[in-house]
Amino acid sequence: RLPKTARSNTPPHIYITMNEDLKEMLESNKESLKLEAMKRIVGLIAKGKNAYELFPAVVKNVASKNIELKKLVYVYLVRYAEEQQDLALLSISTFQRALKDPNQLIRASALRVLSSIRVPIIVPIMMLAIKEAATDLSPYVRKTAAHAIQKLYSLDPDQKEHLIEVIEKLLKDKSTLVAGSVVMAFEEVCPDRIDLIHKNYRKLCNLLVDVEEWGQVVIIHMLTRYARTQFVSPWREDAVFDENSEKTFYDSEGRRVDQSKPYIMDPDHRLLLRNTKPLLQSRNTAVVMAVSQLYWHLAPKHELSIITKSLVRLLRSHREVQYIVLQNIATMSIQRKGMFEPFMKSFYVRSTDATHIKTLKLEILTNLANEANISTILRELQTYVKSQDKAFAAATIQAIGRCATNISEVTDTCLNGLVLLLSNRDETVVAESVVVIKKLLQTQPSQHSDIIKHMAKLFDSITVPMARASILWLMGEYCEHVPKNAPDVLRKMAKTFISEEDIVKLQTVNLAAKLYLSNSKQTKLLTQYILNLGKYDQNYDIRDRTRFIRQLIVPNEKSGALSRYARRILMAPKPAPVLQSAFKDRDRFQLGTLSHTLNSQSNGYLELSDWPAVAPDQSVRIVEVVELAGAPLLGKSKPGKSAEKFYSDSEEEEEEEGSSSEDSSSSSSEESESESESEENSDDSNKSSSSESDSEKKKKTLKNKKLQQQKPDILNITYLPPQIIQKALLLFIMTKFFSIHIVLAFSNQFVANCRCSLLCLCVFLACQFDAVSWHVRVSLQASFPVFVPETSHELLHRMTGKGLSAQYRFTRQPCIYGNSMVSLQLTLSNSSDQALENIHISEKSSTGQNIHRFNAIERLEPQASVTVSMGVDFNDSTQAANFQLCVSIQPAVGELLLPITMTEADFTKEQGKLLGMNESSATITMTPENISSQSVNRKVVSVANLGVIPSSQENIHRRCLNLTKPTFWNVIKKTNCS
Amino acid sequence: MIHSLFLINNAGDLFLEKHWKSVISRSVCDYFFEAREKAVEPDNVPPVIRTPHHYLINIYREKIFFVSVIQTEVPPLFVIEFLHRVAETFQDYFGECSETTIKDNVVIVYELLEEMLDNGFPLATESNILKELIRPPTILRSMVNTITGSSNVGETLPTGQLSNIPWRRAGVKYTNNEAYFDVVEEIDAILDKSGTTVFAEIQGVIDACVKLSGMPDLTLSFMNPRLLDDVSFHPCVRYKRWESERVISFIPPDGNFQLMSYHISAQNLVAIPIYVKQNISFFETGSSGRLDIAVGPKQTMGKTVECLVVTVHMPKVVLSANLSATQGTYNYDPVTKILLWDIGKLNPQKLPNLKGSLSLQSGAPKPEENPSLNIDLKIQQLAISGLKVNRLDMYGEKYKPFKGVKYVTKAGKFQVRT
């Protein structure tokens, strides 16, 4: 039979032609052709055929827009990158770019592929990417980072130290998504760093229920190991009790000492047991097995019974699952029969079971046998002996043998039953019976000489070597009980010696030797004949044995003293063999592991340590600060309080915690937010009140001026000058994950009839602060101005400026010098006949507005002009900005605004918060030709820098609004029929 | 964890390989072939095989061996459970999990395997998430795809994977909101020669088909929850509620899923719906035998037994069977030595009977043991344990769903020894 590998290979020339056309397809411009080619290539990879010479053609498509194509290229890349390292490097930059993508899933998949490319050169890049991803906002990306840790470790174990740092960081993660993966990484990279677990132990226990099922298995196995190093044995009580019963006779002191400190389970130990218990109900068999082994290794013996039912339930699952579960039950049932005895019938064998399942069930049934149930079990075993599956029948006979030795009451019954089997038609059954009978007879040979005689009679018909050897041994051992039969059997053997199997030959030599010693008269010649045959045998064992026996039994001058003891040596009473389970020594391995299944230590098996005699420091697991930078309040929380939280049944809480953390803000951050909010809140109100009183006087004076400065507008809207109370607050809320930058503003509304008293204003401020400000989470974004006026205004006439003329224009661009400034463009031109030098705005500004000056213009040539831009903070007032150039610029109200984008709903919402005194309305009568929405639009935007929000209602034409400090404009058209 | 996966058919051909870490030569499978040959029957292949450098953990399903290669210590059940999930996912996607469907959809299979494991550790195994990532093929879509060149890979990114309820995707919408539950119970039993029950237990599952819009929160309660002795749940079920109130409260996945499985153990009295009278004997001389089987209803709670089938694995020496059945048809396959008697509906007035003679290989010794009978049956509208669903309540959504519960009892591993 050919090895499969050779068979699947077809001659190489076939690929070459095939791959050529694939290459052409890949290099075409058509997406569909490329995709088709990649699909065929993946087909080749799946069949294990080689497609690596297409690498250059494939790798070009790594940045394709088509998602499926891209995915297939990834599959190819990961498969062949190792063989084509240099070419693979070409793709790296694509992934590096994708690592910065705003979409979390793209970041994650980029990291996944990047870390799967096994090219040693990119180890530093991978390391960097992992470090970055470990602090990503998205838990999904962090999960991918945890996976990448293992990949990098297998690629370059030298990175271990750095990787441990990342693992340490990720272990602190509160997300259920990350937990399983990072523990997996921990197990792979640094399973001995148990100290990293301490602080996270309680968190892991509490998260466990919500972790995805595969993660649960890994975490449970890790915690089992952890618990065995950190807690004292819960079994101690039993052990101590046993010891005491022995000790009491001579040591009453010790007993008193032991009793004075009864075993108290560490609350953390209890926490683990309690939190894993519900997982016994998992649909995932691996999880159920993991919890079962945890209970087996960690729980007090009397709590162990809860795992029985779940394990028995798993027996309904697939054949392979049954196999593993039965193996583990077999190991358990040796130590603790009681656990599975009530479920004995679940281990009854069906004729349709696979052979290895049958044998395991048999093993368990035998383990469970005791005086009370032996008759039921034996009856069941009797039906199995008749099975058509002969290997299984043989195993059953062995099982009967074991029952017989273990339970002395039934030994005779079993022996009689086995003797009946000797007349069975099937050879294997008979042979197995002989072997088992031999073992049983050793316990009490004298009573059973008739059985031995019966077997001697059967000897001719038995051909299975093991059985023949067994009978020969029995004859030899008990030759005194069957003095007549034994020499006869030896005679027969002398005839057939040459054609026997080795094992039979050895026993023949033994039999001959024993008979020679006990009955040399009859057998001397026969023995010598057999010894001669053995001397020239092909097998060196037999030659050796023959030589040894000859020297031992036949006295000659050389052998001396030894032959005198020959009888004692050969005929020494032999202890009866102990028939024991094959699973006896399996408990040295942790249950549920591969090593346990194979009964030998497999690679990477982590030994389960013994319980420590004295419990290590418990306080290492106490997490004092619920870690929140900049939240001093939480830091103060008493340890007692936090402990209470951990031990109370807080599943609900955790669920919430979990869900909110998925929403990219974490529960902890939310908490902190509210904390810091309230704090700042109080701060701010203090600040605002104080600053108000400061500015109060100024405002009064301003007010009077402004009242006279009203100007009629194009649309004849009369505005009262705004009462200026301005307070802009910049609030940074720094949380663990994100910061919101909230700009608060109030009172930039145009308050009609600015007669409101200052008292009112204060009240208003306070209200505003509470009601509005904290809901503004949406960061307001300035949109582009709808209309930019081209007209410039004369700032300085050339006559007044003695040749220097200046024009200004509002650019309606967001000012680059500051958020609150209005940008202004100045065009300075020299109309004189001599060059002007050092044009600048003087330092002192008359009105105190904040003006960002333009850099001094060193020289302006005649007839030349220069355009500079400057920023003026008008404080949202129409107060003129004065600066020396002898200019004063007064902005039109409309120019103070900056349009922002927002939905209509948001608009109404925000507007709703600013009713009452902040509202001002005016009616404008317009001529019918101006009534169309476009024209109204045009006119409004030409006068004020506003944005348009599309409205659903017909009569409301436009709603425009302003800048950082929201002002909401509602232009409502009321059609007047007349 | 899982290093590589090889799919091997019953004939021993390796038809698909996938590696999650560095490539392992397929020659590692020679160790598997060795074990496969030694085992004779595919069922007897040991699930865990050790080779000098690797460990092979395999499952056998739908005539395919899923052989995974492991390099380091890992809980074997972890791998076995995962391989079964893979097989179930294929079944879910392609309707059946066979060599032909896998070969036909090799690209989707590869894409699925790529998503399910990362570096050998399971990543996305929930079918709801996978279906968002990779759309299952339909005839219509594959036609459209070949014409337009569009892909099976989802453009949208799965929402479920990132949420706290990974089994349900967001934004589910149906015009007809419906929730159906099937209570399926299987009787596992061994009856001895005289018809007394050696061992019997009930294995039940509740399969659900939930097509509800939005995020419904369902609560299912039973008339007699105390019957349920040992249960296991889909991860969506809130275990605390079950412990305290014995109701099943959950936000369901979208579509078909198994809500729970339960076990009513041998201690409780299990009703056996039928009785079997049989007499199979082989004669010492003349190399022939006689067979006589009669089936009748026992505890059927007034329902009809349907789809009744009796299967007998005959000893190897039986060459042919010459029988006559009063009801249904029988068939004896001399190659597999299986006698199949398909009775159909059990008529209580006229009990079905199969009678006749068997001819044996001449000269061969008569079989030691009589073959045991395997019974298959089905009873509609009955849960043999008496379990009854009381009511289903929905919270969290406003519409009124259409609800339905169906009960079926089947024979599981139902064996009569002779």
Side-chain angles (χ1 to χ4, degrees), chain A residues 3-5 8 31-32 35 39 42-43 46 48 67-68 71 75 82 105 112 118 140 147 150-151 184 214 217 278 281-286 289-290 309 313 316 318-321 323-324 345 348 350-351 354-356 383 386 388 425 592-595 597-598 602-605 651 658-659 662, chain B residues 12 14 16-17 22 26-27 29-30 33 43-44 46-48 50 55 59 71-78 80-81 84 106-107 110-111 114 118-119 121-122 149 151-153 155 157 161-164 166 190 199 203 230-235 239-240 263 266 315 365 368-369 372 413 415 417:
Chain A
K4 298 291 147 179
T5 42
S8 64
E31 202 92 301
S32 56
L35 194 59
K39 282 185 176 172
V42 167
I67 296 183
E68 185 167 25
K71 276 197 175 173
V75 168
E82 212 171 5
L105 285 137
R112 237 183 102 184
R118 285 169 295 275
Y140 185 64
H147 286 205
Q150 303 164 49
K151 299 183 206 167
M184 189 62 226
W214 310 108
V217 178
Q281 256 61 44
S282 172
R283 66 164 171 176
N284 188 321
T285 55
M289 190 65 233
K309 257 185 205 168
R313 185 185 67 231
R316 265 289 290 191
H318 303 281
R319 177 182 65 94
E320 299 83 6
V321 174
Y323 174 72
I324 304 291
K345 287 187 174 171
Y348 280 8
R350 288 157 212 281
S351 57
T355 308
H356 51 255
T383 57
K386 286 188 252 160
Q388 293 175 30
R425 213 174 283 124
T593 59
L594 187 62
S595 306
T597 299
L598 295 169
S602 53
N603 299 334
Y605 173 76
E651 209 191 33
S659 69
E662 312 298 343
Chain B
L14 202 165
L16 187 123
E17 63 177 69
S22 51
R26 52 165 68 191
S27 62
C29 290
D30 290 345
F33 293 123
D43 267 343
N44 288 345
V48 184
R50 180 168 26 175
Y55 306 96
I59 65 162
Q71 270 190 322
T72 51
E73 171 66 50
V74 61
L77 268 187
F78 186 99
I80 289 169
E81 177 81 23
H84 279 293
V106 71
V107 174
Y110 235 69
E111 283 167 349
E114 185 72 28
D118 180 17
N119 196 36
F121 191 77
S151 70
N152 275 325
V153 175
E155 302 276 336
L157 301 154
Q161 194 159 19
L162 305 171
S163 81
N164 215 27
I190 301 175
F199 163 75
Q203 303 286 347
D230 180 48
V231 283
S232 80
F233 295 117
H234 189 274
Y239 183 68
K240 294 263 163 183
H263 175 108
E368 196 70 19
E369 185 202 26
S372 53
K413 295 171 180 167
Q415 210 163 72
R417 289 177 179 166

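All values derive from a computational prediction rather than experimental measurement. In what follows, every chain begins at residue 1, and chains take the letters A, B, ... in the order their sequences are listed.
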Taking the side chain as C-beta and beyond, is there a heavy-atom pair between [X] and [Y] under 4.5 Å?
X	Y	result
B:H263	A:K309	no
B:I59	A:H318	no
B:P47	A:H356	yes
A:R118	B:S22	yes
B:Q71	A:N603	no
A:E320	B:L77	no

At a heavy-atom separation under 4.5 Å, does [X] approach chain B through its side chain, its backbone, both, or neither?
X	result
A:L598	both
A:Y323	side chain
A:R350	both
A:Q150	both
A:T597	side chain
A:V217	side chain

Look at [options] and state which one has the largest set of heavy-atom pairs under 4.5 Å with chain B.
options	result
A:H147, A:R316, A:E82	A:R316
A:V42, A:N284, A:V75	A:N284
A:G604, A:S602, A:A290	A:S602

Can you tell me how far [atom2] of [Y] sits from [atom1] of [X], rounded to the nearest 0.5 angstrom?
X	Y	atom1	atom2	answer
A:K151	B:D118	NZ	CG	3.5 Å
A:Y348	B:R417	OH	CZ	8.0 Å
B:H84	A:R319	NE2	CZ	8.0 Å
B:E81	A:R283	CD	CZ	8.0 Å
B:Y239	A:S282	OH	OG	11.5 Å

Of the non-hydrogen atoms in [X] and [Y], which two are nearest, and what is the gap between them?
X	Y	value
B:V106	A:G43	CG1-CA, 4.1 Å
A:R313	B:V231	NH1-O, 3.2 Å
B:P76	A:T593	CD-C, 3.5 Å

Quiz prompt | Partners passing salt bridge (Lys or Arg N to Asp or Glu O under 4.0 Å) against A:K386 (at least two apart in sequence or in another chain) | solution = none

Quiz prompt | Portion of B:L16 that has a non-hydrogen atom of chain A nearer than 4.5 angstrom | solution = both

Quiz item: Is it the side chain or the backbone of B:Y55 that comes within 4.5 Å of chain A heavy atoms, both, or neither?
Solution: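 The side chain, not the backbone.
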
Quiz item: A:T355: what forms a side chain to side chain donor-acceptor pair (under 3.5 Å) with it, not counting sequence neighbours?
Solution: A:D389, B:N44

Practice problem: Among the options B:V48, B:V74, B:N119, B:I190, pick out the one with the most heavy-atom pairs lying under 4.5 Å from chain A. | Solution: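 Of the options given, most contacts go to B:N119.
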
Practice problem: For the pair B:E73 (side chain) and A:S595 (backbone), establish whether a donor and an acceptor sit closer than 3.5 Å, ignoring hydrogens and angles. | Solution: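 Yes, the answer is positive, given that a donor and an acceptor are paired below the 3.5 Å cut-off.
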
